[in-house]
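Beneath this line is the structure, given in structure tokens, with notes to follow.
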There are 2 protein chains.
Amino acid sequence: MTQHRGKTGPDANVTADDVATAAGVSRWTVNRAFKKDASISPRTRDKVMEAAQTLGYVPDLRAASLASDRSNLVALLVDDFANPHKLVMMERLTRILRKHGWDTLLVNTLDRDDTGHALLNASQRRVDAVILIGIQFDDETLAAAQHARRFRKLIIFARTSQNPDTISIAVDDVAAMTEIADYVRARGYRRPFFLAGPRTVSAHLSRKETFLSRWKAHFGTEPESAEVPAYDPIQAEAVVTAVLGNRPRSEMPDVLVCENDALAIGAVDVIRHKLGLRIPEDIAVTGFDDVPQCRSPNYRLTTYRQPLTEMADYLVEVLESSEERDFDRAFTGCLVPRESA
Amino acid sequence: MTQHRGKTGPDANVTADDVATAAGVSRWTVNRAFKKDASISPRTRDKVMEAAQTLGYVPDLRAASLASDRSNLVALLVDDFANPHKLVMMERLTRILRKHGWDTLLVNTLDRDDTGHALLNASQRRVDAVILIGIQFDDETLAAAQHARRFRKLIIFARTSQNPDTISIAVDDVAAMTEIADYVRARGYRRPFFLAGPRTVSAHLSRKETFLSRWKAHFGTEPESAEVPAYDPIQAEAVVTAVLGNRPRSEMPDVLVCENDALAIGAVDVIRHKLGLRIPEDIAVTGFDDVPQCRSPNYRLTTYRQPLTEMADYLVEVLESSEERDFDRAFTGCLVPRESA
DNA sequence: AAATCTGTTGCACGCGCGTGCAAATGGCGT
DNA sequence: ACGCCATTTGCACGCGCGTGCAACAGATTT
């Protein structure tokens with residue numbers, strides 16, 4: 001494919017220079033016309049834009065980024081695609097980022113040990129920030145990446161982290177889980193069981209710890225719990241089956257508090273269809289995230305909704321700030337009571 | 001933030017030149033060391049890599065792309081995040097693309113009229129190809145974009161399209177829907193109802209047309225059908241409720257054939273919980289895509305699975321080909337019978 | 001009418017790397 | 001030790017745009 005530089009027409013890779021010639025201005029004026037708050041007279045801008053239009057000129061963000069050392073690109077690292085909430089988060093994030101002029105590089109963290117490569121991938125594109133939505137925190141990996149200063153910002157979204165090199169934008173898990181615990185208690189449940197997700201290094205003060213300690217503080221006993229190796233309904237089914245499968249009715253919990261909806265959904269399926277128990281009469285269930293499926297008559301899940309839009313707006317604010325302060329922030333969401341508890 | 005060029009240490013933006021100096025070779029040798037099939041001696045490569053390692057050098061893909069006119073970047077345009085199958089597709093695509101060295105720009109097509117802007121967005125990053133997974137085909141928009149030659153390739157994934165400027169990688173809808181129709185017929189259903197998704201311009205020979213005509217060819221009558229404005233369970237619920245809500249039992253269809261699982265899932269919920277009918281005894285349901293939820297005991301959906309991995313592999317092949325032939329290809333998937341039909 | 005100011009335009013240099021070819025290097029046989 | 005060949009290395013130029021400042025024009029003042 002031969003490139004005919006300088007030629008007009010759709011074949012040519014038309015640059016700002018071409019537009020400049022066509023509009024009778026300098027190349028810099030052309031680029032100015034495309035910049036938001038550039039000092040340029042309306043007349044010139046119109047003239048330039050018209051020429052650009054007819055030539056089919058589109059500014060090259062690679063070159064812009066190279067020259068300005070700012071890419072307006074973020075990498076979104078995702079690893080647990082089995083969790084339906086990821087779809088919601090991706091929609092919200094890409095929507096709001098795009099509205100503010102940020103593009104998103106979607107990086108699939110293929111497996112547990114791939115985070116390092118994924119980060120490397122992102123850094124090769126010189127993204128301005130990396131956003132982690134998933135469970136792949138290996139503090140060492142993050143620390144190494146951060147130490148190499150390959151990103152200006154490393155943001156953990158919708159998940160708390162105590163990692164000091166990291167910006168965490170999340171819901172206040174302690175407040176949220178406390179609210180759930182109190183709700184469960186107020187509804188009269190007395191034998192809770194906590195279904196947790198995979199344990200990551202950074203997760204102190206997690207939802208599980210909060211629930212257990214809150215419950216213990218009230219009743220003196222620490223509830224049972226189990227851990228699912230991934231936020232995946234299928235895997236939750238397996239764990240719940242294993243744990244509650246052949247337990248006599250007398251020893252069954254009366255409420256299953258799940259770390260999030262992905263787990264709760266799997267749990268509901270097992271409880272109802274494998275154990276043959278009623279929800280909430282025999283066992284109640286709570287989730288977290290308020291994924292779309294929670295609304296389904298099959299689940300009607302009592303859950304907790306994170307203020308995703310607000311969080312994403314704040315994320316943009318963080319991205320666009322050049323300060324060096326501590327950006328960590330915890331939002332409060334709201335409990336969404338439904339029939340499952 | 002001052003940049004101290006030339007300085008070593010994590011603060012500096014270390015370039016190939018720095019590594020070259022450190023390793024005692026030329027800059028070009030450094031870049032060669034990072035290129036896959038470059039002619040370079042193992043010893044030199046090791047030396048370079050070691051220096052790169054200690055300096056923390058990461059090649060800059062922006063500059064590489066700028067110089068080579070090849071970005072190894074594709075834009076993934078998505079507009080219907082309500083469809084859970086999108087999550088599956090995104091996982092598979094990003095996984096396989098990344099394995100082959102391609103990065104993915106995720107672009108949320110915000111609303112119906114935004115496709116043009118989304119394409120513009122992609123073209124500013126000089127992506128090598130645009131992949132559409134969604135319903136946003138406005139033939140005019142696509143034609144305009146294609147005419148401007150802003151992308152080397154415009155690929156419509158998992159959806160057939162007759163658009164000549166476009167590469168369609170999809171399942172063979174005619175074969176698939178024929179198989180479903182025959183299955184439904186063989187199981188003895190006689191009063192089918194087709195639940196279709198939004199009508200797009202490019203969708204001739206769609207699943208709906210195939211099913212209807214196949215049925216008519218056998219029984220002489222064209223089944224009923226209805227259209228849901230989006231692939232969204234919630235909207236499917238509304239349409240099914242409206243259409244079947246207060247219909248006497250005698251006039252109820254005995255099978256609801258849905259264009260995909262997103263619709264089928266909404267339909268199942270309504271049929272079972274609003275209409276109080278049994279599945280499949282009163283009404284059977286079929287879907288398309290085999291999303292993870294289909295496995296749930298709440299759905300046990302008879303559906304059709306696309307060979308996504310195979311399709312994605314072919315996609316990579318298309319991306320890496322420099323030929324100019326017709327790349328359109330239809331794959332055959334497999335019917336997944338479950339209890340819903 | 002000259003001087004001043006404000007807003008607008010032009011430009012040298014650099015961002016980091018790829019291409020394609022020329023030069024250099026090393027290994028081998030005689 | 002010489003020459004041949006295969007492999008390895010070096011380099012001039014360009015990719016398209018941003019930065020920061022200097023030059024300029026038109027509007028305003030004295």
Side-chain angles (χ1 to χ4, degrees), chain A residues 1-6 12-21 23-48 51-52 55-73 123-128 150, chain B residues 1-6 12-21 23-48 51-52 55-73 123-128 150:
Chain A
M1 271 196 271
T2 20
Q3 296 275 343
H4 306 278
R5 302 225 149 275
N13 219 338
V14 30
T15 82
D17 269 313
D18 304 334
V19 179
T21 314
V25 296
S26 73
R27 174 176 72 73
W28 294 271
T29 305
V30 172
N31 292 136
R32 250 189 224 103
F34 280 87
K35 240 181 99 178
K36 208 130 201 195
D37 321 290
S39 82
I40 186 174
S41 74
R43 205 181 21 250
T44 324
R45 170 168 271 159
D46 289 347
K47 195 170 53 177
V48 169
L55 290 182
Y57 169 71
V58 177
D60 187 331
L61 254 45
R62 297 172 303 180
S65 157
L66 190 59
S68 70
D69 202 36
R70 193 167 189 279
S71 60
N72 266 273
L73 224 202
S123 85
Q124 295 194 157
R125 298 278 175 195
R126 297 297 190 266
V127 298
D128 286 336
R150 285 216 282 255
Chain B
M1 268 195 272
T2 19
Q3 297 276 341
H4 306 278
R5 301 224 150 275
N13 218 341
V14 30
T15 84
D17 268 314
D18 303 334
V19 179
T21 314
V25 296
S26 73
R27 175 176 71 72
W28 294 271
T29 305
V30 172
N31 292 135
R32 246 188 227 103
F34 280 88
K35 241 181 99 179
K36 210 143 203 181
D37 321 291
S39 81
I40 186 173
S41 75
R43 203 181 22 248
T44 327
R45 170 168 271 158
D46 289 347
K47 196 170 52 178
V48 169
L55 289 183
Y57 168 71
V58 177
D60 187 331
L61 255 43
R62 297 171 305 180
S65 158
L66 190 58
S68 71
D69 202 36
R70 193 166 187 280
S71 61
N72 266 273
L73 223 202
S123 87
Q124 296 195 157
R125 297 278 175 196
R126 296 299 190 266
V127 297
D128 287 336
R150 286 216 281 254

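First the proteins, then the strands, lettered A, B, ... as listed; each starts at 1. Note that these values count all heavy atoms, side chains included, but never hydrogens, waters or copies made by symmetry.
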Can you name the residues that form a side chain to side chain donor-acceptor pair (under 3.5 Å) with [X], not counting sequence neighbours?
X       : value
B:Thr21 : none
B:Ser26 : B:Thr29
B:Arg27 : B:Asn31

Given protein heavy atoms under 4.0 Å, the one-letter contact record of nucleotides 8-13 of chain D, with B base, S sugar-phosphate only and - none, is simply BBBBB-

Per the end-axis method with five pairs at each terminus, what is the bend angle of the helix from C:dA1-D:dT30 to C:dT30-D:dA1, to 10°?
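Here the local axes at opposite ends form an angle of 30°.
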
Heavy-atom closest pair, residues B:Val25 and B:Val30:
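That closest heavy-atom pairing would be CG2-CG2, 4.0 Å.
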
Whole-Å distance separating the [atom1] atom of [X] from the [atom2] atom of [N]:
X        : N      : atom1 : atom2 : answer
B:Arg43  : C:dG27 : CZ    : P     : 8 Å
B:Tyr57  : C:dC15 : OH    : C1'   : 13 Å
B:Phe34  : C:dG16 : CZ    : C1'   : 13 Å
B:Arg62  : D:dC17 : CZ    : C1'   : 12 Å
A:Asn31  : D:dG20 : CG    : C1'   : 15 Å
A:Lys35  : C:dG10 : NZ    : C1'   : 15 Å
B:Arg126 : D:dG16 : CZ    : C1'   : 9 Å
B:Arg70  : D:dG16 : CZ    : P     : 17 Å

Under the salt bridge (charged side-chain N to carboxylate O under 4.0 Å, His left out) test, which residues partner B:Asp60, sequence neighbours left out?
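Once residues adjacent in sequence are excluded, the partners of B:Asp60 under the salt bridge (charged side-chain N to carboxylate O under 4.0 Å, His left out) criterion are A:Arg126, B:Arg62.
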
Name all residues meeting the side-chain contact (heavy atoms from CB on, under 4.5 Å) criterion together with [X]; count only those two or more places apart in sequence or in a different chain, and write none if there are none.
X        : answer
B:Ala64  : none
B:Asp128 : B:Arg70, B:Ser71, B:Trp102, B:Arg152
A:Asp46  : none

B:Thr15 OG1 to B:Tyr57 OH distance, which is reported to the nearest 0.5 Å:
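Going from OG1 on B:Thr15 over to OH on B:Tyr57, the span is 7.0 Å.
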
